[in-house]
Amino acid sequence: MPRFTFTPTPLPDVTLVERQRLGDDRGFFSRFFCVEEISGFGTGSIAQMNHTMTREKGVIRGMHFQRAPHDETKFVSCLKGAIFDVAVDLRPGSPTYLKWHGEILSQDNARSLLIPAGFAHGFQTLSEDCELIYLHDKPYAPDAEGGVNPLDPKINISWPLPVSQMSARDSNFAFL
C-alpha cells in the first residue's frame with residue numbers, strides 16, 4: 001500500500017502530498033515524511049524543521065522566500081486547525097512566473113504542500129490556534145531572506161477570509 005498520494009498542481013514542481021492513514025478505534029498511524037518516497041525534496045535531506053502557531057483566524061503569514069544560493073525547498077503541513085497555503089512562482093523565465101496556487105491543509109485532511117526553491121510561500125489561517133510544521137532542505141540564512149507583499153495586486157491571491165492580522169514586516173514588503 002502506498003504511504004503517499006502525489007497530485008501535481010498548476011505550478012510545475014509544486015506538489016500536493018496526501019499521507020495515507022492506517023487507523024482503527026484507537027486513532028491512526030501515518031508516515032509523515034520519507035525522503036525515499038517523496039521525490040523532489042530539494043537536496044534530499046532535512047536541514048531544518050520549524051513549528052509555528054497562530055492564534056487568530058484570518059491571519060496571513062508570508063509571502064517568504066530565500067534567495068540563491070540559499071533558496072530552499074519546503075514541505076509544509078498543518079498539524080492543528082486549517083490553513084489556506086499558497087505558493088507563488090518567482091522563477092524568472094518560468095511559464096508560470098508570478099502565478100500562485102493555494103491548497104487547504106488541515107489536521108483532518110492529512111495534506112502537505114511540497115514547495116520547491118524559487119517560490120514564495122505564505123498562508124492564511126482558516127481557524128483559531130493553527131499549528132504548522134515546515135521541513136526545509138537548507139538552513140535559514142538571514143541575509144538571503146526575501147518577501148513579496150501578500151496583498152500585491154499583480155499576484156492577486158484570492159485569500160478566502162478577510163485579513164484579521166499581518167506582521168508589520170509582511171505588510172511592508174514592496175509590491176512588484
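Note that the coordinates shown come from a computational prediction; the quantities given were computed from them, not determined experimentally. Quick note: residue numbers are just sequence positions, from 1.
E131 contributes no side-chain N or O that, together with a main-chain N or O of L79, makes up a donor-acceptor pair within less than 3.5 Å. Proximity of a side-chain donor or acceptor of N109 to a complementary backbone N or O of S106 within less than 3.5 Å is detected. W100 places no side-chain N or O within donor-acceptor distance of the main-chain N or O of L11, the cut-off being under 3.5 Å. In terms of modelled atom types and a separation under 3.5 Å, the side chain of D71 and the main chain of Q66 share no donor-acceptor contact. A donor-acceptor pair under 3.5 Å links the side-chain atoms of T125 to the main chain of V59, judged by distance alone. Under a 3.5 Å cut-off, the side chain of T15 and the backbone N or O of V17 do not form any donor-acceptor pair. Between the side chain of N149 and the backbone N or O of S171 there is at least one donor-acceptor pair closer than 3.5 Å. N172 contributes a side-chain N or O that, together with a main-chain N or O of A168, makes up a donor-acceptor pair within less than 3.5 Å. A donor-acceptor pair under 3.5 Å is formed between the side chain of K138 and the backbone N or O of P69.
In terms of hydrophobic clustering, with Ile, Leu, Val, Met, Phe, Trp and Tyr side chains grouped at heavy-atom distances under 4.5 Å, L176 and V88 are assigned to a common cluster. F123 and L126 fall into different hydrophobic clusters, defined by Ile, Leu, Val, Met, Phe, Trp and Tyr side-chain heavy atoms under 4.5 Å apart, directly or through other members. F6 and I115 end up in different hydrophobic clusters when Ile, Leu, Val, Met, Phe, Trp and Tyr side chains are linked at under 4.5 Å. Note: the hydrophobic cluster containing I60 also contains L98 (ILVMFWY, side chain heavy atoms under 4.5 Å, direct or indirect links). Transitive grouping of hydrophobic side chains (ILVMFWY, heavy atoms separated by less than 4.5 Å) brings I38 and M49 into a common cluster.
Between the CG atom of D137 and the CG atom of L114 there is a distance of 9.5 Å, given to the nearest 0.5 Å. In this structure, CD1 on I83 lies 4.0 Å from CG on L132, to the nearest 0.5 angstrom. Once rounded to the nearest 0.5 Å, the distance linking SG of C78 with CZ of R111 reads 12.5 Å. In this structure, I155 CD1 and L90 CG are separated by 6.5 Å, a value rounded to the nearest 0.5 Å. From L135, atom CG reaches atom OG of S112 across 8.0 Å, with rounding to the nearest 0.5 Å. Rounding to the nearest 0.5 Å places CD1 of I104 at 7.0 Å from CZ of F84.
Salt bridge status for D152 with K154: absent, with no side-chain N to carboxylate O gap under 4.0 Å. Salt bridge status for R67 with E145: absent, with no side-chain N to carboxylate O gap under 4.0 Å.
A search for salt bridge (charged side-chain N to carboxylate O under 4.0 Å, His left out) contacts involving D89 returns R91, not counting sequence neighbours. Residues satisfying the ring-ring contact (aromatic ring centres under 6.0 Å, His included) criterion with H121, sequence neighbours excluded, are Y134. Partners of R61 under the salt bridge (charged side-chain N to carboxylate O under 4.0 Å, His left out) rule, at least two apart in sequence or in another chain, do not exist in this structure.
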### Task
Check the pair D129, K80 against side-chain contact (heavy atoms from CB on, under 4.5 Å), reporting the backbone distance first and the verdict last.
CA-CA 7 Å; D129 298 324; K80 182 179 178 191; 4.0 Å; yes

### Task
Apply salt bridge (Lys or Arg N to Asp or Glu O under 4.0 Å) to the pair E128 and K57, showing each step before the final yes or no.
CA-CA 5 Å; E128 294 179 347; K57 182 178 178 178; over 6 Å; no

### Query
Could you walk me through whether M63 and I157 pass the side-chain contact (heavy atoms from CB on, under 4.5 Å) check?
CA-CA 11 Å; M63 304 294 297; I157 298 170; 4.1 Å; yes

### Message
Applying side-chain contact (heavy atoms from CB on, under 4.5 Å) to V76 and L105, what does each step give before you reach the verdict?
### Response
CA-CA 9 Å; V76 182; L105 309 181; 4.3 Å; yes

### Task
Begin from the C-alpha positions of R19 and F4 and carry the test side-chain contact (heavy atoms from CB on, under 4.5 Å) through to its verdict.
CA-CA 5 Å; R19 297 180 299 281; F4 302 97; 3.9 Å; yes

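In terms of heavy-atom proximity, G62 sits nearest to P150 at O-CG, 3.1 Å. Closest approach of P139 and Q48 over heavy atoms only: CA-OE1, 3.4 Å.
Defined by atom type and a distance below 3.5 Å, a donor-acceptor pair is present between the side-chain atoms of H101 and E103. For the 3.5 Å distance criterion, the side chains of Q20 and S30 fail to qualify, holding no donor opposite an acceptor.
Annotation: side chain of L161 is in contact with side chain of Q124 (closest heavy-atom distance under 4.5 Å).
For F65 and F119, the ring centers are positioned 6.0 Å apart or more.
Other residues, nucleotides and ligands contribute more than 12 heavy atoms inside 6.0 Å of the CE atom of M53.
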